[in-house]
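Here's the structure we're looking at; comments come further down.
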Amino acid sequence: MALRTEEFVVNMGPHHPSTHGVCRLVLTLDGERVKKVEPVIGYLHRSIEKICENRTYPQCIPMFDRIEYVTSMSCNQVFAMAAERLAEIEVPERAEYLRVIMLELNRIASHLLFYGVTAMDIGAYTPFLYGLRERELIIDLFEMTCGQRLTYNYIRIGGVSHDIPPEFVPKCREAMRIIGQKMADYEGLLNENPIWLARTKDIGILRAEDAIAWGVSGPVLRASGVKHDLRKDDPYSIYDRFDFEIPVQKNGDTFDRYIQRLDEIRESIKIVNQALNGLEGVEDDKIKAKVSPNFKPPAGEAYARIENSRGELGTYLISDGTKKPLRVKTRGGSYNQLQALPLMCHDVLVADLVAIFATLDVIMPEVDR
Amino acid sequence: MGVIKDLKNLIAGLGITGKHLGTHAITVQYPEQRDKIPERSRGIVVLLSDKETGELNCTACQLCMRACPTGAIVVEFERDENKRKVLTNFTLDNTICCFCGLCEESCNFSALKLAQKYEFSTIGKEELVWDMHKLQEVGRDVPYEDKRKKKKAAPKKPTPKPTEKKPEEEKKPQQTKEEVEAQAEKKAKPVDKPVDKMEPKPEPEKEKPATEDNQPGEKPKAGEEPTEQTGGKTEQAGDDSKDDTKKEGSD
Ligand code: SF4
Ligand code: SF4
């Protein structure tokens with residue numbers, strides 16, 4: 001007698017250890033196989049855009065820190081860029097270098113965290129400790145510079161808030177050297193590991209055309225083989241001065257998305273080192289353009305977008321000429337990545353769904369804002 | 001074949017983790033040992049006291065209150081017979097402070113600082129709302145650089161007062177108009193700050209003094225102070241802030 005089976009609807013989340021925040025996935029399961037996934041979002045909505053409408057421009061930056069707390073330097077940067085475009089403020093060269101250094105360090109820190117938590121979601125615990133250990137080096141650099149470990153409020157309209165302390169440059173070079181060396185360890189732990197390969201290879205493939213159609217960006221898009229990176233395609237700040245590659249993968253499976261991040265760490269290390277060299281050549285030690293605390297940009301609108309570690313991060317500002325923005329809109333990469341999740345989950349195991357979700361590197365506060 | 005390869009990989013992995021044998025732990029045993037935290041670390045907001053007199057440096061100018069994005073600070077003051085502002089209360093709600101540091105940056109009198117302190121857990125939420133006495137007490141041993149020193153010396157030289165006074169006054173009316181507009185704006189959007197912030201009296205009071213202060217009577221002393229002090233602060237202070245600080249300084 002054949003066993004009668006039935007599809008089963010299960011909630012994964014909102015509080016589930018591997019949903020990286022508060023995300024609910026409604027799964028339709030046939031035994032251990034996932035037939036359908038439906039992400040339900042909104043649990044972390046804090047209405048940051050609306051809050052910003054009631055804050056002055058400088059006050060918005062601490063709010064933006066909290067849109068995407070893992071790389072809040074990028075959030076600072078994108079808001080500052082949009083505001084600078086509104087008011088046509090020229091950023092001093094030194095500040096530009098400092099910004100690039102901080103943005104890239106933040107990207108490395110974010111990818112190291114990704115490396116750790118993804119491995120942990122798939123079941124390997126050691127990489128988590130490795131990733132966090134090296135991430136600490138970078139976080140220490142941030143704390144030394146701006147006093148905070150997570151929500152920096154460092155990049156301001158017109159420049160940056162503090163100059164780097166004298167011990168920053170040697171420590172930063174040392175950190176880059178250590179991380180560069182440890183890359184071999186990271187890859188050695190996982191790349192050849194048969195369990196890792198079985199869990200990641202050919203799982204959760206996202207085809208390039210789907211990725212483009214769903215507006216996926218960042219490492220997830222590049223892992224699917226699309227060479228698109230705003231640092232090259234629409235250079236902002238002073239990224240056009242640096243020599244670096246945009247790594248891409250072919251398959252767009254879970255393994256590619258993982259290896260893509262590691263490749264990007266290498267490129268970011270290159271950029272940081274070049275920027276540190278470039279910083280030495282800057283004579284002017286001005287780090288902030290003259291911006292009034294009662295910053296009032298002329299009426300108008302501006303959009304700024306940057307490449308952060310989770311794809312394209314954009315901010316659209318409308319000013320009515322007062323101290324407060326009339327409208328603030330942000331676009332985060334995580335949102336699109338999450339919406340593309342169902343495309344990758346055709347008939348996968350529940351455990352693989354966790355792996356796929358982890359490699360999308362979604363940050364829920366950025367989805368819900 | 002496959003098994004041998006897998007075993008090899010297993011050994012390679014073990015080799016990487018094995019490299020740790022014999023190396024030092026990178027973590028510390030927290031309550032007994034502590035990491036040294038950098039000078040710039042932003043911890044709890046504290047009020048600073050004068051190194052000599054032991055009194056609070058705060059002049060109740062409310063710049064920090066206006067700079068705070070969360071509305072964690074409430075500054076209340078009264079005016080004494082000379083119309084000088086006297087701080088009556090300074091409340092900091094640690095439950096909503098986001099440790100952004102904007103208040104410290106806005107203060108021109110070295111009166112508050114985000115100290116390198118981070119241990120203030122309690123069992124009740126109410127205990128996290130600190131008044132000025134608590135803030136002062138916590139800030140007693142916090143080292144800081146006094147930005148006011150230059151300014152303090154200034155009022156003793158009375159000579160430039162009469163000459164400097166006039167041009168200053170001519171400028172002021174225009175700028176204050178702007179200021180008043182700005183404040184009116186602020187009022188028009190009442191959602192601006194969290195509700196509890198709108199309740200305390202200082203809000204309406206704040207505007208009156210601004211115009212009163214422009215009366216020539218008590219100006220002289222003040223004309224000097226702020227110019228010195230904003231001079232040291234070029235980076236942050238734009239045009240608007242200058243006249244902000246002038247007003248505050250003039251009380
Ligand atoms: S800005 Fe400084 S002096 Fe003014 S009220 Fe705040 S703490 Fe006091
Ligand atoms: S640190 Fe930021 S949130 Fe906290 S009191 Fe100061 S300005 Fe307000």
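Just so we're on the same page: letters track the sequence lines, and every chain starts at 1.
In terms of non-hydrogen atom pairs under 4.5 Å with chain A, the most contact-rich of B:Gly101, B:Cys100, B:Gly43 is B:Cys100. Of the residues considered (B:Leu102, B:Leu114, B:Asp35), B:Leu102 shows the highest number of contacts with chain A, using heavy-atom pairs under 4.5 Å. Among A:Leu190, A:Asp65, A:Asp185, A:Ile195, the residue with the largest count of heavy-atom pairs under 4.5 Å with chain B is A:Asp185.
Taking 4.5 Å as the heavy-atom cut-off, the residues of residues 141-157 of chain A that approach chain B are A:Glu143, A:Met144, A:Thr145, A:Cys146, A:Gly147, A:Gln148, A:Thr151, A:Tyr152, A:Asn153, A:Arg156, ordered by number.
The neighbour count for A:Lys329 NZ, taken as heavy atoms of other residues, nucleotides or ligands under 6.0 Å away, is above 12. Open room surrounds CD on B:Glu39; 12 or fewer heavy atoms of other groups in view lie less than 6.0 Å from it. In this structure, B:Glu119 places its CD atom where more than 12 heavy-atom neighbours from other residues, nucleotides or ligands lie under 6.0 Å away.
Note that the CZ atom of B:Arg66 and the NZ atom of A:Lys323 stand 7.5 Å from one another [nearest 0.5 Å]. In this structure, CD1 in B:Ile26 is found 8.0 Å from CG in A:Leu137, a value given to the nearest 0.5 Å.
The minimum heavy-atom distance between A:Gln59 and B:Ala67, with the atom names listed, is NE2-O, 2.9 Å. Contact between A:Met63 and B:Thr70 at its shortest, heavy atoms only, is CE-CG2, 4.2 Å.
Both the backbone and the side chain of A:Pro165 come within less than 4.5 Å of a heavy atom of chain B.
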Handout entry: Working for side chain to side chain contact (heavy atoms under 4.5 Å, CB included), residues A:Arg133 and B:Thr27
Key = CA-CA 9 Å; A:Arg133 183 186 60 192; B:Thr27 47; over 6 Å; no
